[in-house]
Structure formats: structure tokens, C-alpha cells
Amino acid sequence: MEKHTSPLLQVRNLQVSFRVDRHTVVEAVRHISFDIPRNQTVALVGESGSGKSVSSLAVMGLLPPGVAQINTDAGILFDGRDLLGMSARERRQLCGSEISMIFQEPMSSLNPVLTVGFQIAETLRIHRDMDAKAARQRVIELLHEVGIPDPETRVDAYPHQLSGGQQQRVMIAMAIACGPKLLIADEPTTALDMTIQKQIIELLHALRQKHHMSVLFITHDLLLASGIADQVIVMQDGEIREAGNAEQVFTHSAHPYTMALLKCRPPLDTRPWRLPVIGEDIGDASQKQRVRGYAASDPPLLEVRHLRKSFFSREGFFGKKEFQAVKDVSFTLPRGRTLGVVGESGSGKTTVGLTLLRLHEPTGGQAFFDGRDLFAMPEKEFLAYKRRIQIVFQNPYASLDPRFTIGRILMEPMQIHGIGEDDKARVALAFQWLERVGLPESAFYRYPHEFSGGQRQRIAIARCLTLQPEVLVCDESVSALDVSVQAQVLNLLQDLQDEFGISYLFISHDLSVVKYMADQVMVMRHGEVVEMADSDDIYRHPAHPYTRTLLEAIPESRHFAGSR
């Protein structure tokens, strides 16, 4: 058998431009060249807007025609074949068969009205000309291979009936169905729980070895890439800043941008006063350390006792089925302190936060805020307390009304709660809060779609701050952000707590982020609190096996783990 020595994929001098209007062209990728060797994993790393996904879409032939332009002297060779010289029909036959892709958001990629089995089988029918019976049997085998429990039943499930991790496994099954030579994984673990993230990484690694594939792994998290990559390519502003084998890049980074990406993620062994941020000089702030933990003298601002929340669904004609999302949860939150709430999806974290704001009505329990039970108040009386306890939702794309300008988004809460003498005073306050969260006054007149994800999250925080709350519930508020943007938002939250004494209920599945932010940590599983302690104690000496499992799932570089 002939042994191939040439790379499986060769990208040469690729430049991709997008035409915004008749007079404006934006260069997303600028003359980049790289190789993907056979049977290896190459990580393409960088922040949002660095050109990672655009480069992979150029390889797949999925760039929007008429809007995107590839330079005429570029070359993309796959297994010796020129992809850019292929017809659309030839490209379609190749993609899905020899090159396949796992997209970032499975719920957007899977058709909600078709079963997952039908969607995977469609690939086999198109590219392998299988009949329905053979395709179904192969789909069941694939679902078993990617770790879907009870594949004979789940083959007929719809996407909404599966968890986020299971949906991503379905996408992986679809991608490997035809035995591709190259698998492109575009942010396949973003916003997944740490334990699920670890499972997906291990699954991709095992599948690559079993099927002798090459993998292009796209991520914004350099530390995550270290656990799977043989080679690393670091991109910024459409250009390659650094490339080399993984050990070389992680232990002897040659470019400042690579080193900055490594430093942005909150470390587990220290707690700097401020996190390093790309392009920001923080001087000695990264050396000064914060001390966390509740003090015995801290009076509770919020005290929750035996909180319970159940949801009910119809069962049969007259019966109903109870699902206990939160079971007997109790905790205290002092003024100016942070309680971190961690656990996997479905553990009840978000339900606790939403119930405290009475966005869900509690099934039982009490929540004393400054000595008053929030759950016992009439709605009219609770309205005054809405000013004092606010929430920053996980997805700023969904929580900001796309029809409103940022000015209207900021001023509406002030108008409802009577803050400011008149609209002129409210405009002045809105300008102050925009400046406080690091946005220019011109943002006041723009719409949400004109901002990046990190900027939208800053706007969501500013909207809460217009009411000057005493408690802020942060529900996975940094989980889907780039590590550099995440560091900016965490620094902002910490600055606001230092200045205004705000208390945070910080909900997250990312334990390294919680370690940095929280004074005390509450670990939840299946609606119950399994462990609660000061953050340093819980990370150094976890008492519950589930807590230890969560800690073991935190990404650790196999190349520089000793430095973390």
C-alpha cells in the first residue's frame, strides 16, 4: 500500500473578503497558508472575528455567493485535488463524504421537525446510496459509537428531546457517517458543561484514532485546544500570528498574542486582583492577590430557606406528573459578597435564580431580603424590590430587544421605576453607565445587532445597573464569550462590586471562573445541594465525589499543566 507523505489539506495564500455595500469591502482572512497533516488534529485558535470559521467555510465551500470573495491566486488542495477549481456539484459530492463539519450550535443545525435518525440517514442515502433499512441500522451503530444511550429508541427522537451534549453527539455521528478523511469541528464544545465538554473532546480524540481521520478543531480557548491538538495555529485579525506543534506553542510561545490568550483564563492556583486582558496594561494588578470567603461578621442580605420548585406536566386525561427542579435549597448571601452556584445542565442552578426574581413562582420555601420574605409579598409590593435584585441572562442576543435602541433599553427601566427627574436626567445617567461599562456615548443611538457578544453583555449589565441593584444574579453571563472578552466582563463585575458593594449570585458551569469570582461555592446536582463551602476550601479539599468529578473536568494542558 502506498504511504502518503503529503498533507491531507493544503491552504495557500487564502484571502476572503466580504462586500458590505457598494463601497465597503471587509477583509476577514488575509493571505493565510497552513497544512493539515494526515491522521493528526490541528487546532485553529483565536478570538471571535479572527477568521477561524471563515477559513473553514472556505474549505467547505459554504461562503455566501455574491457576498464573499476568494482571491484568484489562492489555493486549497485536498488530497491533491484543487477544491477551488471544482464545480458546485463536485464540491457537494466531496463535502459530507470525504470532508465533513460539526457546527457550533447543534440546535440551530438540526432540523427540529425531523427525527435525528432521519437526518443522519439522509447523509448515508445521498453519499452511500443506502436503502432505508440499511441506513437505519447504520444510524443505530453510529449513535452507539458516539455514546448515545439506548440508540434503538433514540434513533426516533426529535432534537428537542435530547440534551445539549446528546445533540452535539448526534452532530458528530452525522459528520462521521460516511467515514470522512477530514473532520472540521467548529467550536463543538462552546457553552457545554465542563463534564460534557470533556466527554466530547475525548470522543473526538478516540474517533480520530479509530477512523484515521484528520481533524481541524476550531476554538477560542487555547487551553482547551491543548488537550486534543497535535499542532496549533493562532489567528488574530484574519492573519496567522503563530503556528507550530502543540508543545512548542504552549511551552515556548513566540508571539505576545498567544501568551495573552493563555493568561486570560482565570487560573486555579492564584486569584489575581484583575485578570490580564489582551491589549490592556494592568501593571501590578495581576500580581496583587484577592482574598475570598465569607466573614463571620457578615450580616446576610439575602437568606433563602428550604426553597423548592416543581414543574408539572399532564399525564393521561386527568393526571399530572411532577418534576422537582429544586429540592430544599438553603443559602445566605451577605452584602458585597459572591455566592457561586455550579453544576451541570439540569442541576437546578438557573431555576434557583429565576425563582428568586419570581420569574418562576416557588413551590415552597422562603427568601428573606433585608428581613422581608420575597415570596410572601403581593405583586404590587414586590415591584419595589425588583429594583434591588436584578438578573443578567446568559444570552445577550435574546435578552436585548432588537427593535429598541440601546438608549431606549437603558431608559425604560428607569422610567418604570421613577429614577431621574425627567428624560434629560435619565439620558445623562444612561451615558454615565455606558461609560462605566466601557462603551462610548455613541452606543446610546445604536441597535443591539451592531455590537459584538461581549459588548451586548456589557449593555445587559448596564441595563441592570441603571436601577442600582443590591443583588445581581449572573446566569451563565460569560459562558459563551471568548476568553479575552470573558476576562474583561469578569474584571468589570469585580470593579462594580468593589465600588458599589453589589452582591452576586454567580451561576456558572465553569469552575475556574467561579473560583476567581466566588467567596463561597454551592454545588448542585439534580436539584439538590451536595456541597457548600468557601471557594478555596472546596477547590483544595472537595468533600463530595460529584464535586471532585466537576473539578477533574476542568481543561488542563498536557503540555504546561504544571504552570497552572
Minimal non-hydrogen separation, I554 against L511, with atom names
CD1-CB, 3.7 Å
R271 vs D536, test: salt bridge (charged side-chain N to carboxylate O under 4.0 Å, His left out). Steps then yes/no.
CA-CA 10 Å; R271 192 182 286 112; D536 286 337; 2.9 Å; yes
Could you check whether R358 makes a cation-pi contact with F375, meaning its NZ or CZ is under 6.0 Å from the centre of the six-membered ring and within 45° of the ring axis?
no
Within the structure provided, determine whether Y158 and L110 are in side-chain contact (heavy-atom separation under 4.5 Å).
no
Would D373 and R305 count as a salt bridge (charged side-chain N to carboxylate O under 4.0 Å, His left out) here? Give the steps.
CA-CA 10 Å; D373 185 3; R305 301 176 185 172; over 6 Å; no
Quick one: closest heavy-atom pair of I278 and C264, and the distance?
CG1-SG, 3.9 Å
Could you check whether any side-chain N or O of Q455 sits under 3.5 Å from a backbone N or O of L439, counting only pairs where one atom can act as donor and the other as acceptor?
no
Whether the Q520 and S535 side chains hold a donor-acceptor pair (N or O, under 3.5 Å, no angle test) is what I'd like checked.
no
Taking D193 for its side chain and S345 for its backbone only, find out whether a donor-acceptor pair lies under 3.5 Å.
yes
Provide the closest heavy-atom pair for L44 versus S55 in the form atom of the first, atom of the second, distance.
CD2-CB, 4.5 Å
Would you compute the distance between atom CD of Q494 and atom CG of L275 and round it to the nearest 0.5 angstrom?
9.5 Å
Under 4.0 Å between a Lys/Arg side-chain N and an Asp/Glu carboxylate O for D401 and R403?
yes
Which of parallel (below 30°), tilted (30 to 60°) and perpendicular (above 60°) describes Y546 and H544?
perpendicular
Strictly distance-based, threshold 3.5 Å: is any side-chain N or O of S330 a donor or acceptor partner for the main-chain N or O of H306?
yes
Under the criterion side-chain hydrogen bond (donor to acceptor under 3.5 Å, both in side chains), I'd like the reasoning laid out for T547 against E531: C-alpha separation, chi angles, the key distance, then a yes or no.
CA-CA 8 Å; T547 308; E531 187 169 359; 2.7 Å; yes
Check whether any side-chain N or O of S477 sits under 3.5 Å from a backbone N or O of C474 as a donor-acceptor pair, and report yes or no.
no
Report the distance from atom CG of L400 to atom CG of L410, rounding to the nearest 0.5 Å.
9.0 Å
Assess the side chains of Q468 and R388: does a donor N or O sit below 3.5 Å from an acceptor N or O?
no
Distance-only polar pair, side chains of Q390 and R463, donor-acceptor under 3.5 Å:
no
Option from L307, V352, V341 for which side chain to side chain contact (heavy atoms under 4.5 Å, CB included) with F331 holds:
V352
CD1 of I502 to CZ of R337: how many Å apart, nearest 0.5 Å?
15.0 Å
Between the side chains of S310 and E322, is a donor N or O closer than 3.5 angstrom to an acceptor N or O?
yes
Quick test of your reading of the model: are D495 and R274 salt-bridged, counting only N-O distances below 4.0 Å?
yes
Hey, could you give me the CG/CD1 distance between L551 and I538, rounded to the nearest 0.5 Å?
8.0 Å
Would a distance-only check, ignoring hydrogens and angles, find a side-chain to backbone donor-acceptor pair under 3.5 Å from K515 to L268?
yes
Would you kindly say whether H509 and E344 are connected by a side-chain donor-acceptor distance under 3.5 Å?
no
For a 4.5 angstrom cut-off between non-hydrogen side-chain atoms, does F444 reach F431?
yes
Would you verify whether the NZ or CZ of K309 falls within 45 degrees of the ring axis of F311 while also being under 6.0 Å from that six-membered ring's centre?
yes
Thinking salt bridges, do D298 and R335 make one under a 4.0 Å N-O criterion?
no
Steps toward side chain to side chain contact (heavy atoms under 4.5 Å, CB included) verdict (V170, I120)
CA-CA 8 Å; V170 168; I120 299 172; 4.0 Å; yes
When rounded to the nearest 0.5 angstrom, what distance separates CG in L550 from CZ in R525?
9.0 Å
Side-chain H-bond candidate by donor/acceptor type, D186 with S56, under 3.5 Å:
no
Can you confirm whether I184 sits close enough to M60 that some side-chain heavy atom of one is under 4.5 Å from a side-chain heavy atom of the other?
yes
Testing Q486, E187, E47 one by one against H220 for a side chain to side chain donor-acceptor pair (under 3.5 Å), which residue passes?
E187
Do D510 and S512 pair up side chain to side chain, a donor and an acceptor below 3.5 Å, judged on atom types alone?
yes
In Å and rounded to the nearest 0.5 Å, what is the CG to CG distance from L301 to D370?
5.5 Å
Side-chain donor/acceptor of R458 to backbone N/O of V437, under 3.5 Å
yes
Would you say the ring centers of W433 and F500 fall short of 6.0 Å from each other?
yes
Which heavy atom of C464 sits nearest to which heavy atom of P469, and what is that distance?
O-CD, 3.2 Å
Please check if the side chain of Y516 supplies one atom and the backbone of L490 the other of a donor-acceptor pair under 3.5 Å.
no
Strictly below 4.0 Å, N to O, side chains only: are R292 and D537 in salt-bridge contact?
no
Under the salt bridge (charged side-chain N to carboxylate O under 4.0 Å, His left out) rule, what do E412 and R426 come out as? Steps first, then yes or no, please.
CA-CA 9 Å; E412 187 177 50; R426 295 181 187 111; over 6 Å; no
Before giving the answer on side chain to side chain contact (heavy atoms under 4.5 Å, CB included), spell out for R456 and I406 the whole-Å C-alpha distance, their side-chain angles and the decisive distance to 0.1 Å.
CA-CA 10 Å; R456 292 189 201 200; I406 303 308; over 6 Å; no
Show the nearest heavy-atom pair for residues V146 and L203, with the distance to one decimal.
O-CD2, 3.6 Å
Dump the intermediate steps for side chain to side chain contact (heavy atoms under 4.5 Å, CB included) on L434 and E441, then the final yes or no.
CA-CA 7 Å; L434 284 173; E441 288 187 1; 5.7 Å; no
Checking Q168 side chain against G165 main chain: does a donor-acceptor pair fall under 3.5 Å?
no
Verify, without hydrogens or angle tests, whether D482 (side chain) and S484 (backbone) share a donor-acceptor contact under 3.5 angstrom.
no
With a 4.5 Å heavy-atom cut-off, do F103 and L62 have their side chains touching?
yes
Is the backbone of A225 close enough, under 3.5 Å, to the side chain of T219 for a donor and an acceptor to pair up by distance?
no
Report, as yes or no, whether the 6.0 Å neighbourhood of atom CD on E421 holds more than 12 heavy atoms from other residues, nucleotides or ligands.
no
CA sep, side-chain torsions, deciding dist, call: L472, I391, side chain to side chain contact (heavy atoms under 4.5 Å, CB included):
CA-CA 6 Å; L472 195 58; I391 185 169; over 6 Å; no
Any chance the rings of Y447 and F404 have centres within less than 6.0 Å?
no
Using the side-chain hydrogen bond (donor to acceptor under 3.5 Å, both in side chains) rule, take E476 and T350 through it: C-alpha gap first, then chi angles, then the decisive distance, then the call.
CA-CA 9 Å; E476 299 278 13; T350 295; 5.9 Å; no
Which atom pair, heavy atoms only, marks the closest approach of N491 to V277?
ND2-CG2, 3.5 Å
